[in-house]
2 protein chains.
Amino acid sequence: MSTESNHLRKAGLKVTLPRMKILEMLESSETRHLSAEDVYKSLLESGEEIGLATVYRVLTQFETAGLVARHHFEGGHSMFELNEGDHHDHILCVKCGRVDEFMDETIEKRQRQIAQDAGYEITDHSLYIYGICPDCRSKA
Amino acid sequence: MSTESNHLRKAGLKVTLPRMKILEMLESSETRHLSAEDVYKSLLESGEEIGLATVYRVLTQFETAGLVARHHFEGGHSMFELNEGDHHDHILCVKCGRVDEFMDETIEKRQRQIAQDAGYEITDHSLYIYGICPDCRSKA
DNA sequence: CTACGGATGCAAAAGCTTCTCATTATTATC
DNA sequence: GATAATAATGAGAAGCTTTTGCATCCGTAG
């Protein structure tokens with residue numbers, strides 16, 4: 001029994017071909033952050049006949065099941081990333097779209113403190129740093 | 001000469017009725033964070049005949065001119081906020097949509113450090129904390 | 001192997017935002 | 001003030017991403 005189908009089963013989802021293929025796609029992509037359109041196009045290129053609507057539906061289910069995280073980077077459309085356990089935030093290049101990840105316990109701690117001070121029960125947070133990446137800086 | 005028209009002039013924008021009305025709307029609203037739709041509807045209620053396309057155009061111009069800040073809260077559509085100089089981040093209630101603001105120099109400093117460590121030249125950043133606000137917590 | 005219920009695909013619809021273009025208003029100039 | 005040049009506006013169409021309706025198909029329990 002493959003790892004993918006176990007993941008699906010654990011998430012309470014039927015093991016179907018589209019779900020398997022999308023999960024594989026997310027795992028094998030060298031870019032960890034993909035839009036629904038990216039996933040759709042990659043599947044087409046691999047010769048898989050999966051509808052765009054299904055891609056959206058499946059990604060949303062994966063998100064609900066905790067298998068992927070959905071990010072709202074600037075520019076409108078959602079980006080999906082395989083959830084490999086550890087939380088992290090993102091730093092993005094505004095020139096080339098490159099995405100790097102980081103994790104800072106100091107910031108995490110301050111966020112919890114701020115929420116508490118404001119009387120909020122924190123459920124989630126998102127932190128994006130935008131800038132120009134090393135490569136784009138040296139090119140300029 | 002009104003304050004609003006000075007703001008517009010300084011921003012290099014012609015002083016037109018729609019721009020004046022939209023600026024007034026942003027200044028007088030008790031909610032500091034408004035969507036384009038919010039602005040449009042409020043204007044209609046005030047008896048102003050301003051098209052939605054104009055609202056979007058003007059808000060974008062205001063953003064470019066630095067008069068307002070555009071935020072991408074979860075849920076897709078943009079929110080606009082009058083830029084009153086000081087930078088701050090946001091904490092939002094996922095139940096009622098309430099928005100509070102905060103500013104934390106520790107976090108700001110860490111962000112600059114993280115960008116530097118990653119070799120990025122930082123241009124911008126956005127931090128949203130999501131949670132349940134005091135009011136909604138007591139109601140539950 | 002069968003049958004039930006959920007999953008899929010397609011096309012249509014929805015929601016937000018931008019664009020097109022004819023019309024109108026604003027500003028610099030006389 | 002009036003005028004001409006130029007930019008701004010309004011209305012609707014178009015564009016994009018995402019969701020939905022529905023007939024058909026597939027996976028799974030029995």
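Letters go in sequence order (proteins before strands), and every chain restarts at 1.
Between A:H90 and A:H88, the two ring planes are perpendicular [angle over 60°; tilted spans 30° to 60°].
B:N6 and B:T3 share no donor-acceptor pair across their side chains, judged by distance under 3.5 Å alone.
No donor-acceptor pair under 3.5 Å is formed between the side chain of B:S29 and the backbone N or O of B:M25. Although no hydrogens or angles enter the test, the distance criterion places a donor-acceptor pair under 3.5 Å between the side chain of A:D38 and the main chain of A:S35. No donor-acceptor distance shorter than 3.5 angstrom exists from the side chain of A:R112 to the backbone of A:I122, with no hydrogens or angles considered.
Taking CD of B:Q61 as the start and CG of B:L8 as the end, the distance is 10.0 Å to the nearest 0.5 Å. Put simply, OH on B:Y128 and CG on B:D89 are 8.5 Å apart, with the number rounded to the nearest 0.5 Å.
Contact footprint of chain B on DNA chain C: nucleotides with an atom under 4.0 Å from a non-hydrogen protein atom, first to last in 5' to 3' order, C:dC16 to C:dT27.
Here D:dT17 presents its C1' atom at 13 Å from NE2 of A:H72, a figure rounded to the nearest Å. For A:M79 and D:dT17, the CE to C1' distance is 13 Å, given to the nearest whole Å. Atom pair A:L34:CG and D:dT18:C1' shows a separation of 17 Å (rounding to whole Å applied). Spacing between atom CD of A:E49 and atom C1' of D:dC25 amounts to 15 Å, rounded to whole angstrom units. The distance between atom NE2 of A:H77 and atom C1' of D:dT19, rounded to the nearest whole Å, is 17 Å.
Summary of the strand contacts: A:Q61 and B:T60 both lie near DNA chain C, and taking for each the nucleotide with the nearest heavy atom, the more 5' one is attributed to A:Q61.
Between B:H7 and B:E27, some side-chain heavy-atom pair lies under the 4.5 Å cut-off. By the 4.5 Å heavy-atom criterion applied to side chains, A:F102 and A:L127 are counted as neighbours.
Counting non-hydrogen atoms under 4.0 angstrom, B:S78 reaches the backbone sugars and phosphates but no base. At a threshold of 4.0 angstrom between heavy atoms, the contacts of B:E37 with the nucleic acid are absent. Nucleic acid contact class of A:L52 (heavy atoms, under 4.0 Å, all strands): base.
Relative to the side chain of A:A36, the nucleotides D:dT9, D:dT18, D:dT28 differ in distance, and D:dT18 lies closest.
Interface residues of residues 10-31 of chain B facing DNA chain D, ordered by number: B:K14, B:T16, B:P18, B:R19; criterion, heavy-atom separation under 4.0 Å.
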